[in-house]
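In what follows, a structure is listed as structure tokens, so that the remarks can point back to it.
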Amino acid sequence: MEETKINAQPIDSKIPEGPIAEKWTNYKAHQKLVNPANKRKLDIIVVGTGLAGASAAATLGEMGFNVLNFCIQDSPRRAHSIAAQGGINAAKNYQNDGDSVYRLFYDTVKGGDYRAREANVYRLAEVSNNIIDQCVAQGVPFAREYGGLLANRSFGGAQVSRTFYAKGQTGQQLLLGAYSSLNRMIHAGKVKSYNRYEMHDVVIIDGRARGIIAKNLVTGKLERFAAHAVVIATGGYGNTYFLSTNAMGCNCSAAMACYRHGAYFANPAYVQIHPTCIPVHGDKQSKLTLMSESLRNDGRIWVPKNIEDAKKLQAGQIKGSDIPEEERDYYLERRYPAFGNLVPRDVASRAAKERCDKGYGVNNTGKAVFLDFSEAINRLGIDVIRQRYGNLFDMYEEITDVNPGELANEINGVKYYNPMMIYPAIHYTMGGIWVDYELQTSIKGLFAIGECNFSDHGANRLGASALMQGLADGYFVLPYTIQNYLSDQITVPHFSTDSPEFDAAEKKVQKNLDDLMAIQGKRSVDSIHKELGNVMWDYVGMARTKESLETALKKLKELRKEFETNLFIPGTQEGMNVELDKAFRLRDFITMGELIAYDALNRHESCGGHFREEHQTEEGEAKRDDENFFYVACWKYNGNDETAPTLIKEPLHYEGLASEGRSCHGWL
Amino acid sequence: MHDIPTDTSFLEMMDILNEMLIEKGEEPVTFDHDCREGICGMCSLYVNGHPHGPATGATTCQLYMRRFKDGDTITVEPWRSAAFPVIKDLMVNRNAFDQIQQAGGYVSFQTGGAQDANAIPISKEAADEAMDSATCIGCGACVAACKNGSAMLFLSAKVSQFALLPQGKAEAKRRVKAMLAKMDELGFGNCTNTGACAAECPKNIKLSNIARLNREFLCAKCSD
Amino acid sequence: MWLTNSSVGRKVVMSVTGLFLVLFVTFHALMNAVAIISFEAYDAICEFLGANWYAVLGTLVLAGGFAIHIIYAFWLTLQNRKARGNNRYAVTTKPKDVEWASQNMLVLGIIVCCFLILHLVQFWAKMQLPELMGEHIMRGQDYLQATFSQWWVLPVYLIGFAALWFHISHGFWSAFQTLGTANDKWIPRWQCISKWWASIVFILFAVEAIYFTLHFTGVINC
């Protein structure tokens, strides 16, 4: 296996001077601005229309820039931000429970296992309140109390109630809010919207990002777009694992295009796994469905005590409700008596995997555990439970044909209800394109926002913080910081796309597509993608070891070879060809998979979403190594996909707070 | 097709079909889909005479094969409406919906200029009702189900959301006129209150939204 | 003009003319009922509604209402067919909450229209029209007799009334919906009132037609 190189070159994250609480104010006070007349002369490309992309495009348009906005879906409103259920955090302290900007900042850094950049997180917490004001003004119908004021709910990882929500569809409502602002700007002619377009490459002229090559997915033709700056807001790379809670179209190709041009990719190993998803039911499954984490408030997680019972469950001979209380192993309550079923996401996920690996899985694939409401129903009555979780029960029944609220058995006078089956799944990726404080990547003029950048979440993200970060970047951070870059670009005229650089970029993209079409092997894109997913899940999944990661890298090399020699794409490049588009994305997923493995291999510690089995406490908790790994791992592309990337470290400096150890005893 | 497990979703069945076609060297069937959680509004199949299939209150991606009997013939068609031209196979162009929204589906307001979120209390009832209207996912099932190809349910959901909230009131008249004019211009039909839209809507958007839209429009016109 | 160039405006015209026509049929049914009680009173009403200026004005307004309602109906249907596109679904299924009438308003309307023409030929063309031309006419009940003494008239009228029932059962509440006077509570209420109203009109007309037929064919004698 090829060794990764380490580059000692310093990295400038442009964090402003001053105390942590004043950095953003100082920055805004001293940054360069572009005057309104000059804004008209500047073009900005925004790729992606999720919370970050749509809000950025709309706000830049409002400011007066000419914005070109791209999405692969048929409408900007369909970006996957729409699927977020839980809510959005803000330090409003409307509940008078002691919340503050500092506390939100503290919780976010702590939740991220002290691997986030402090200054960014503080800024995020600062602007969080503006986001709520902004969204309410847009007409987002947040939940309210009878008095007419906004309601809040609590979420894991915080001692305060700071989450704003709109039924179970907060992501949708926030995205529709951003989309409405975007529509206003499209109507005003300040934003030009390109739907069903996929960015294939970024065009670099004299070291600055100056445009993109995008494929019109309907005609199949490549088109060129030029601008003074390019903003990437294309989301995370969770679909590298094939099965995830991401949408089918989510991909990392735009990020990979930037990476191949030399933009650093930071912390790819930090992948968040959500413990309560509906388990995989067979090899035909296309994606995983998330069940709200709130179910753990009343549900108890268990597997059978006896391996024989587990085997019978796997064979379908008995049902969960046939197993009496004393034969059940409530392993979270057993291992973590203080927090029981409410341990953090990663702890709950790994505990489930541990049981299933030992053979105690409860469905036909052996990869599921029970989430049981019998105790809660017996205690509170079915009506109370249905009131709390009725819609989730219905959703579960629709998908699995099992009603968790249905009385299934009575043993020795104890009533047993059908338990749900759950299993962890890939949900969110904390890693992403490296950006400085201004959200600019290591390529001048190229910016990354939202889940797409390596973000403010460190090694793990708190619930209800993804929406906050996407909107913070798009509404309140990028529109300021990008001006600092654009202020000296005002004399640069609108670009023509008839330049040698555009010619070369388009030629390269075209060749790439020609190569894919020319393979003419035997295997479909999905079959290879599934194989990639299996390798990633088995060897670079929830618990990683040096051996597993090395095996993964070896297998990924073989998989790339298989992809390059045995892929089959039906049809032609003319018009819409979904298989060709998927193949283009899969090629990047393979490279992404390797990048995750390289980073995971390098990080000899366990923190947040990254767990190395070699680094755990005796109780099986993650063991951080702040002495050696208190840095952001930035990976630099080395010219081709086969060569291992080079590691560049951005050391972390904490001024606002000191890093402390993490255990479940100190949590929640 | 044979041996489709009952736990398979309808779109996974389409995946299996496509895998079979690719294996035979043929082109797969093109259809729109994305989140597969019933929220993005991308999937759009007309299954056995129903948009999003026979299940009520669910999108095609939330439709499971156990709904069908072994040996059933299933007819799958694209949305059919003049305003939604077919792009390829089962995929249609719903850009008209975006255009309706662009005509006025927003609160004219500049980022950063907002007052405190709690400055204007909004009754829980109004907020909840606005939320119900805002649940629309813009999938186009209402148009597909309507014998008149009308987009009134979609339009009324958006108009209602803003009409119910104080933030939307200031430009309510302008909004409803502009959005309705755009809808008419794009070639959608006239609503005849058949109610097929609401009956087939995967998000249960109610017919009363259309009444509210009519009311808003009449009030706006009468005060011209 | 928004009553012609906006879809809601066009529907408002349909609603207002429709409600006007519903009122007219209701009065018509009530007026006919008089004949069951007393043919002399019926004759008096017929005379009252003869060639007087207010009756003629009423007829003109009514004719205008019908004309606008019918012209708009065809216009809207043409637009709607165009909006539906040229490709039709291979399989269609009516959702169970959807009224059959609501999907067949034009057909029902055409049936009602045909019935109306027949009815005009049988009555109006022999009553108000000749009177306007200065001809002498008979008593109202004579025309009833002339018409209902023929056995084929009753079934044809009943078909017309049935079509009218369906047409009103949807059209009535639909008009209130279009005029914006409905909400979650009032949609079912209007729908209920619609059905009742349509049924009362239907029963009145049907009873009258049956009574006249039986009376004038001599089956009963009262």
Side-chain angles (χ1 to χ4, degrees), chain B residues 46-50 54 56 74-86 129 143-152 155 176-177 180-181 183-184 186-200 206-221 224, chain C residues 1-3 5-15 72-73 75-106 170-188 190-191 194:
Chain B
Y46 200 84
V47 183
N48 280 354
H50 293 282
T56 50
I74 303 173
T75 313
V76 186
E77 301 172 69
W79 283 177
R80 295 197 197 279
S81 154
F84 291 165
V86 173
E129 215 178 338
V143 177
C146 180
K147 74 178 182 62
N148 308 325
S150 169
M152 284 286 269
L155 171 59
V176 67
K177 285 189 279 185
L180 186 76
M183 184 192 88
D184 292 343
L186 290 166
F188 288 100
N190 307 281
C191 174
T192 56
N193 302 322
T194 302
C197 50
E200 299 284 14
K206 289 180 288 193
L207 214 53
S208 52
N209 285 300
I210 296 184
R212 187 180 292 107
L213 164 67
N214 293 333
R215 190 155 65 236
E216 290 284 319
F217 181 74
L218 290 176
C219 290
K221 275 295 171 192
D224 262 357
Chain C
M1 175 65 174
W2 65 278
L3 291 174
N5 57 21
S6 86
S7 59
V8 174
R10 288 188 290 267
K11 289 296 300 172
V12 164
V13 172
M14 280 304 273
S15 306
Y72 266 70
W75 185 22
L76 287 168
T77 305
L78 278 178
Q79 282 187 329
N80 291 347
R81 288 185 67 83
K82 204 173 140 213
R84 200 79 193 87
N86 296 324
N87 295 312
R88 300 283 142 161
Y89 290 117
V91 180
T92 48
T93 321
K94 184 178 79 67
K96 68 174 192 308
D97 305 353
V98 172
E99 302 163 347
W100 174 83
S102 71
Q103 294 186 311
N104 296 284
M105 286 299 270
L106 186 76
H170 173 70
F172 188 88
W173 80 264
S174 176
F176 286 99
Q177 162 91 356
T178 300
L179 293 173
T181 57
N183 56 26
D184 286 333
K185 279 205 183 92
W186 272 95
I187 289 177
W190 284 128
Q191 285 175 335
S194 264

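Side-chain polar atoms of B:Asn190 and C:Asn80 form a donor-acceptor pair below 3.5 angstrom. For the residue pair B:Asn193 and C:Thr178, a side-chain donor N or O sits within less than 3.5 Å of a side-chain acceptor on the partner.
Proximity to chain C (any heavy atom under 4.5 Å) is restricted, for B:Val143, to the backbone atoms N, CA, C and O. At a 4.5 Å heavy-atom cutoff, the contact between B:Leu218 and chain C is made by side-chain atoms alone. Contacts of C:Trp186 with chain B are absent, with no heavy-atom separation under 4.5 Å from either backbone or side chain. Both the backbone and the side chain of B:Ser81 come within contact range of chain C, with heavy atoms under 4.5 Å apart. Interface residue C:Ile187: only side-chain heavy atoms are found under 4.5 Å from chain B. The parts of C:Arg84 that come within reach of chain B are both its backbone and its side chain, each placing non-hydrogen atoms under 4.5 angstrom from that chain. Contact of B:Cys146 with chain C is made through the backbone alone, with heavy-atom distances under 4.5 Å. When heavy atoms are compared at a cutoff of 4.5 Å, B:Pro78 approaches chain C solely by way of its backbone atoms N, CA, C and O. Heavy-atom distances place the side chain of B:Asp184, and not its backbone, under 4.5 Å from chain C. Only the backbone of B:Phe188 comes within less than 4.5 Å of a heavy atom of chain C; no side-chain atom from C-beta onward does. Residue C:Asn86 does not touch chain B at all, counting heavy-atom pairs closer than 4.5 Å. There is no contact between B:Ala198 and chain C, counting heavy-atom distances below 4.5 Å. For B:Leu186, no part lies near chain C; criterion is any non-hydrogen pair under 4.5 Å. Interface remark: B:Lys206 contributes side-chain atoms only to the contact with chain C (heavy atom separation under 4.5 Å). Contacts between C:Arg81 and chain B at a heavy-atom distance below 4.5 Å are absent for every atom of the residue. For a residue to count as touching a neighbouring chain, one of its non-hydrogen atoms must lie under 4.5 Å from one of that chain's; by this rule C:Lys185 does not touch chain B. Neither the backbone nor the side chain of B:Ala181 comes within contact range of chain C, judged by heavy atoms closer than 4.5 Å.
Residues C:Phe176 and C:Trp173 keep their aromatic ring centres 6.0 Å or farther apart.
Between chain C and the residues B:Arg215, B:Glu77, B:Arg212, the most heavy-atom pairs under 4.5 angstrom are made by B:Glu77.
Note that the OG1 atom of B:Thr192 and the CD atom of C:Gln103 stand 8.5 Å from one another [nearest 0.5 Å].
Across all their heavy atoms, B:Glu200 and B:Ala145 have their closest contact at CG-CB, 3.7 Å.
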